[in-house]
Amino acid sequence: MPADDIEPAAAHAARRPSPRVADDTGVPHGPHGRVPEKPPFRPSAPRTRASRRPGAIGDRLAETARALLPTPAFAGLPQERGAFPGRVLRSGTAPARGPVARGRTGTPGSSRPPRGRGLRRLYERARRAWDRPLTAYYLILGSGMLITVLGLVMVYSASMITALEYDLPASYFFRKQFLAAAIGTGLLLFASRMPSRLHRALAYPLLVGAVFLMVLVQIPGIGQSVKGNQNWLSIGGPFQLQPSEFGKLALILWGADLLARKHDKRLLTQWKHMLVPLVPVAFMLLGLIMLGGDMGTSIILTAILFGLLWMAGAPTRLFAGVLGFAALVGFVFIRTSENRMARLECIGAIDLGPKGECWQAVHGIYALASGGWFGSGLGASLEKWGQLPEAHTDFIFAIVGEELGLAGTLSVLALFAALGYAGIRVAGRTEDPFVRYAAGGVTTWIMAQAVVNIGAVLGLLPIAGVPLPLFSYGGSALLPSMFAIGLLIAFAREDPAAKAALAVRRPGVRWKTMRRRITKRPSGER
């Protein structure tokens, strides 16, 4: 071979990688270190139907993992066939074939849940449900509607005998109350959809209209007297109107708007701005009501005034001064009236009295006592057969106790408690001062009137002649009360979290899904 041919061959051999040489351990070496030995070729078994079962798939996955990972990682894995039903657990143990009871630490060995775990879970669920944004909204709407519907049923049951005594159809009072409830439902829906600025715009017109009607009541020939109290106006036919009931709503809206404007100007820190003109206007309404002799409505109006002052942050000495002055005026009016003094003496009475002056209070206790746990049955009252006066108005709660028993009276109390809690929640969680004062005033009105009425039936308070709100017979009391419930619903809807929750539940809104949109490809393209 020529020399010029030998040199290129030697250079080419020098450029080639050196052959693999085994060291003392028998492991072949290359130019960059040890070369791993290739595993022997094993032909894969043909896939049969038996190899597709979950156990076979799990076995193949386990064998592959043992071949790829170090041996200590799978030291605790079971070796027998069928131990991996389709998956390998992280803990390195096979899953249990049946239900395994777990204790507090999550390990098997306990046959029942730990003590207190179930109660705590129920408590957490109830607390989360109670803290939802729409809780107050549903409480106000549900309790208000239930009280009104149950009131319609009890008005029909309690007023049948009274209507027959006047030679009227048995459903006469019920039909009038049902008509008032239908109109009140429209007012409730109207008020619940109005924004706060429209509620504030209604404050002054409503106050002026209420004062004008209350002045008309005191004009001879226009106002009508019912059982010694001249506080009614005839509006045609069998329908009458009591303007003092609308005066409560007017005081709340006007007082809330007044205090909200002063709050924005930072004037409520001065006592004169807190009292004037709120207290003089309230005393003007109280004077017009007292001229007609309606002591019960005067008590409720005074409670509304105190509620507004309390929500505005009146100091204790100022609050105590107004309360002392109102108590002095009330004592004078009670002391100068023989009828009011007789009502005061009937608190807790168990005897009819020498002249029967405590007849109504004692028979109210009789009705409650004869009801028992579940009552005598709907419509089966005995006291409404001429024994209990005003069974469908002021003392309808006594008929509830007689016909529905303790269960019925506690249900009514629970509904009023839920309504009061929801109103306080709305007033406490808002940042709008008008909403805070108006919601607090409405809640004070409803709850104070309910306490005065139920307290009189139970013999704990003097008989003031006020109806049970949303429950007793009387369209003049039902209409403004349902409008006030609509106010609370509107205020509950204005909460930002409640707005978001209601917007999600509208029919036009749908939850967004995480589904990927795939464009349609032409045929033949993969």
Side-chain angles (χ1 to χ4, degrees), residues 122-155 181 184-185 187-189 191-192 248-249 252 300 303-304 307 310-311 373-375 396-397 399-401 404-430 435-455 457-458 460 466-472 477-478 480-495 497-498 501-502 505:
L122 290 176
Y123 169 76
E124 291 297 331
R125 289 181 180 177
R127 186 179 62 83
R128 287 195 298 267
W130 198 255
D131 290 338
R132 289 178 180 175
L134 294 177
T135 298
Y137 173 79
Y138 287 127
L139 280 178
I140 295 170
L141 180 62
S143 59
M145 291 294 98
L146 286 176
I147 292 173
T148 304
V149 172
L150 184 58
L152 286 173
V153 175
M154 295 310 303
V155 164
T185 303
L187 292 176
L188 185 147
L189 296 176
S192 64
K248 304 173 186 176
L249 181 61
I252 291 173
I300 305 304
I304 293 173
W310 182 271
M311 297 296 296
W373 289 98
F374 300 103
I396 194 171
F397 189 75
I399 303 300
V400 173
L404 302 182
L406 182 63
T409 56
L410 291 180
S411 301
V412 174
L413 291 177
L415 290 175
F416 275 106
L419 183 60
Y421 166 80
I424 294 174
R425 176 169 173 166
V426 170
R429 295 194 175 189
T430 183
V435 173
R436 184 185 308 115
Y437 301 141
V442 169
T443 306
T444 304
W445 168 22
I446 300 296
M447 299 309 297
Q449 189 163 329
V451 168
V452 171
N453 178 275
I454 296 175
V457 174
L458 296 176
L460 303 176
V466 295
L468 189 60
L470 301 172
F471 203 91
S472 297
L478 184 62
S481 299
M482 296 193 72
F483 187 88
I485 297 299
L487 286 178
L488 290 180
I489 294 175
F491 296 155
R493 291 167 58 93
E494 289 184 359
D495 183 71
L502 288 173
R505 299 191 178 190

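Because the structure is a prediction, the values reported are computed rather than measured. Residue numbers start at 1 and run along the sequence shown.
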Which side-chain N or O atoms in residues 145-154 pair as donor and acceptor under 3.5 Å with protein atoms at least two apart or in another chain?
from   : atom 1 : to     : atom 2 : distance (Å)
Thr148 : OG1    : Gly144 : O      : 2.8

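Among residue pairs with one or both ends in residues 409-425, none qualify as salt bridge (charged side-chain N to carboxylate O under 4.0 Å, His left out); sequence neighbours excluded.
For Arg128, there are no salt bridge (charged side-chain N to carboxylate O under 4.0 Å, His left out) partners, not counting sequence neighbours. For Ala407, the side chain to side chain contact (heavy atoms under 4.5 Å, CB included) criterion is met by Phe374, not counting sequence neighbours. With sequence neighbours left out, the side chain to side chain contact (heavy atoms under 4.5 Å, CB included) criterion links Ile424 to Thr443. Qualifying side chain to side chain contact (heavy atoms under 4.5 Å, CB included) partners for Leu134, counting only residues two or more places apart in sequence or in other chains: Tyr137, Tyr138, Ala498, Ala501, Leu502, Arg505.
Rounded to the nearest 0.5 Å, atoms CE (Met482) and CG (Leu189) are 8.5 Å apart. Here the CD1 atom belonging to Ile140 is positioned 11.0 Å from the OG1 atom belonging to Thr135, to the nearest 0.5 angstrom. One distance of note links CG of Leu410 with CG of Leu404; it measures 11.5 Å at 0.5 Å rounding. Separating the OG atom in Ser143 from the CD1 atom in Ile485 is a distance of 6.5 Å, to the nearest 0.5 Å. Note: Ser192 OG to Phe483 CZ = 9.5 Å, rounded to the nearest 0.5 Å. To the nearest 0.5 Å, atoms OG (Ser472) and CG (Asn453) are separated by 5.5 Å.
Under the 4.5 Å side-chain criterion, counting only non-hydrogen atoms from C-beta, Trp445 is in contact with Leu249. Between Phe471 and Val412, the closest side-chain pair of non-hydrogen atoms falls below 4.5 Å.
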Let's go through Tyr421 and Trp130 carefully: what are the C-alpha distance in whole Å and the side-chain angles of both, what is the deciding distance for ring pair (Phe, Tyr, Trp, His ring centres under 6.0 Å) to 0.1 Å, and is it a yes or a no? CA-CA 12 Å; Tyr421 166 80; Trp130 198 255; 5.2 Å; yes
Output, in order, the C-alpha distance, side-chain angles, deciding distance and verdict of side chain to side chain contact (heavy atoms under 4.5 Å, CB included) for Ile454 and Leu413. CA-CA 9 Å; Ile454 296 175; Leu413 291 177; 3.5 Å; yes
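Nearest heavy-atom pair, Met311 versus Ala427, reported as atom, atom and distance to 0.1 Å: CE-CB, 4.0 Å. Shortest non-hydrogen contact noted between Gly401 and Thr409 is CA-CG2, 3.4 Å. Scanning all heavy atoms of the two residues, the minimum distance from Ala484 to Val442 falls at CB-CG1, 3.7 Å. Taking all atoms of both residues into account, the shortest heavy-atom contact from Ala422 to Leu139 is CB-CB, 3.8 Å.
A donor-acceptor pair under 3.5 Å links the side-chain atoms of Gln449 to the main chain of Pro467, judged by distance alone. In this structure a side-chain-to-backbone donor-acceptor pair under 3.5 Å is missing from Thr430 to Val426.
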